[in-house]
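Single-structure report; data block below.
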Amino acid sequence: MSLSEQQQAQLEKVQLEASWKYGLSEFLLSPKMDELKDFLVQEKNADKVIYPPSSLIFNALNTTPMPHVKVVILGQDPYHGPNQAHGLSFSVQKGVALPPSLRNIFHELHNDLGIEIPKHGNLTHWAEQGVLLLNAVLTVEAGQPTSHQKRGWEDFTDYVIDVLNEQREHIVFILWGAYAQRKGQRIDSSKHLVLKAAHPSPLAANRGGFFGCKVFSKSNNYLKQHGIEPIDWQLDA
């Protein structure tokens, strides 16, 4: 996409890591993005508390630049409780109690790779190595789960997935649950590895299909097969 001077100036104002800013420029400059920004401004003007904080909405993209993405783990919405969401799917800040889904993820990690279960739920170490921890919806109103669905974020994150699907190869997409699997339907499995399993939430995981999915070892085996440095899934205990 060739940009006019006006578009270039508009894009420069976007607080986003450079590779994503230009890789997503067509969407960032679109009316859909304008509508999404207008919605968020209206919510804040109505004195609603929005999670995560504005500076962390694009934390997943800012922490994992487009050329560095090795694995994508798709979530649905940010956590809606205080001090939980910080822009990485399934991750919580240090000092915050582990949500049930993340506790199950850590149990599967332990069973798969023998890794000690961490005492905290901050997954930044994964993100810094190339694990894009992407929620389908990047904001939520405090105490109101799914409150920002169907406001435009789904289109934005579809675009992120499409860009990765088309412009990169040998990425592992981890799709837990029906929602993530629907969102990942357009991923080209001849170019990428698509791993599907039940969602790690207690209700879904206890029905079967999550525990034993071994996505962590499968991801690393695939990366190594293609000459890519595997992920160190161990978090500091």
Side-chain angles (χ1 to χ4, degrees), residues 1-69 72-80 85-90 127 132-142 144-168 171 173-175 177-188 191-192 194:
M1 178 183 178
S2 57
L3 302 177
S4 67
E5 287 186 13
Q6 183 180 0
Q7 288 174 319
Q8 186 74 34
Q10 185 178 346
L11 202 59
E12 287 299 318
K13 296 176 183 177
V14 178
Q15 299 297 308
L16 186 60
E17 188 275 332
S19 65
W20 286 114
K21 182 187 297 190
Y22 291 99
L24 305 174
S25 59
E26 186 172 351
F27 192 96
L28 293 171
L29 296 169
S30 71
K32 284 186 177 181
M33 194 67 196
D34 291 336
E35 292 170 10
L36 179 53
K37 287 188 288 188
D38 289 344
F39 164 71
L40 293 173
V41 169
Q42 290 168 12
E43 292 289 281
K44 291 180 179 179
N45 288 343
D47 293 326
K48 294 181 180 180
V49 177
I50 306 300
Y51 296 135
S54 296
S55 61
L56 294 176
I57 289 174
F58 292 121
N59 193 23
L61 302 176
N62 287 331
T63 308
T64 313
M66 190 193 302
H68 299 170
V69 175
V72 178
I73 298 180
L74 278 179
Q76 190 164 347
D77 291 86
Y79 297 117
H80 56 87
H86 64 124
L88 305 178
S89 62
F90 296 102
L132 181 64
L133 296 163
L134 183 68
N135 279 317
V137 175
L138 299 191
T139 57
V140 69
E141 182 183 345
Q144 302 293 325
T146 74
S147 52
H148 287 188
Q149 287 187 3
K150 299 181 180 178
R151 295 290 186 168
W153 280 126
E154 292 92 343
D155 293 331
F156 174 78
T157 51
D158 278 347
Y159 197 86
V160 171
I161 294 168
D162 287 346
V163 166
L164 288 173
N165 180 46
E166 293 163 10
Q167 298 187 15
R168 296 283 314 283
I171 291 175
F173 289 87
I174 296 176
L175 309 179
Y179 184 93
Q181 288 162 22
R182 285 194 301 272
K183 194 169 181 68
Q185 284 176 344
R186 290 178 293 184
I187 298 166
D188 183 350
K191 290 174 59 180
H192 307 286
V194 179

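Both backbone and side-chain heavy atoms feed into the values below; hydrogens, waters and symmetry mates do not. One is the number of the first residue; the rest follow in order along the sequence.
- Within the 3.5 Å criterion, the main-chain N or O of Gly177 finds no donor-acceptor partner in the side chain of Arg182.
- Here Leu134 contributes atom CG and Asn59 contributes atom CG; the two are 11.5 Å apart, rounded to the nearest 0.5 Å.
- Paired with His148 under the rule ring-ring contact (aromatic ring centres under 6.0 Å, His included), one option of Phe39, Trp153, Tyr51 passes, and it is Phe39.
- Scanning both residues, Leu24 and Tyr159, for their nearest heavy atoms gives CD2-CD2, 3.6 Å.
- When all heavy atoms are compared, the tightest approach of Pro53 to Ala85 is CD-O, 4.1 Å.
- Gly184 and Leu175 get closest at one heavy-atom pair: CA-CD1, 4.1 Å.
- For the side-chain hydrogen bond (donor to acceptor under 3.5 Å, both in side chains) test, residues two or more places apart in sequence or in another chain that qualify with Glu17 are Ser19.
- Atom-to-atom distance recorded for Leu11:CG and Gln7:CD is 8.5 Å, nearest 0.5 angstrom.
- Annotation: the span from Glu154 atom CD to Lys32 atom NZ amounts to 10.5 Å, rounded to 0.5 Å.
- A perpendicular orientation is assigned to the rings of His192 and Phe173, their planes being inclined by more than 60° (bins at 30° and 60°).
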How far apart are the C-alpha atoms of Leu16 and Leu28, what are their side-chain angles, what is the distance that settles it, and do they pass the side-chain contact (heavy atoms from CB on, under 4.5 Å) test? CA-CA 10 Å; Leu16 186 60; Leu28 293 171; 4.0 Å; yes
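- A side-chain donor-acceptor contact under 3.5 Å links Asp77 and Gln149.
- Heavy-atom contacts from other residues, nucleotides or ligands closer than 6.0 Å to NZ of Lys191 number more than 12.
- Panel note: side chain Gln8, backbone Ser4; no donor-acceptor pair is recorded below 3.5 Å.
- Between the Tyr79 side chain and the Phe90 main chain, a donor and an acceptor come within less than 3.5 Å of each other.
- In this structure, Glu5 places its CD atom where only 12 or fewer heavy-atom neighbours from other residues, nucleotides or ligands lie under 6.0 Å away.
- In terms of heavy atoms, Met66 sits closest to Arg168 at O-NH1, 2.7 Å.
- Leu133 approaches Ala127 most closely through the heavy-atom pair CD1-CB, 4.2 Å.
- When the options Leu88, Val72, Ile161, Ile171 are evaluated for a side-chain contact (heavy atoms from CB on, under 4.5 Å) with Leu132, the one that passes is Val72.
- Panel note: side chain Lys183, backbone Ala136; no donor-acceptor pair is recorded below 3.5 Å.
- Going from atom CG of Asp155 over to atom CD of Glu35 covers 9.5 Å, rounded to the nearest 0.5 Å.
- In terms of modelled atom types and a separation under 3.5 Å, the side chain of Thr64 and the main chain of Leu61 share no donor-acceptor contact.
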Can you check side-chain contact (heavy atoms from CB on, under 4.5 Å) on Trp20 and Val160, steps first, answer last? CA-CA 9 Å; Trp20 286 114; Val160 171; 3.7 Å; yes
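- Applying the salt bridge (charged side-chain N to carboxylate O under 4.0 Å, His left out) rule to pairs touching residues 37-46 yields Asp34-Lys37, Glu43-Lys48, sequence neighbours excluded.
- Summarising the geometry, atom CD belonging to Gln15 is positioned 10.5 Å from atom CZ belonging to Phe58; distances are rounded to the nearest 0.5 Å.
- No donor-acceptor distance shorter than 3.5 angstrom exists from the side chain of Thr139 to the backbone of Ile57, with no hydrogens or angles considered.
- Between the side chain of Asn135 and the backbone N or O of Gln76 there is at least one donor-acceptor pair closer than 3.5 Å.
- Residue Ile187 holds its CD1 atom at 9.0 Å from CG of Leu164, rounded to the nearest 0.5 Å.
- Taking both residues in full, the closest heavy atoms of Pro52 and Leu138 are given as CD-O, 3.3 Å, listed atom of the first, atom of the second, then distance.
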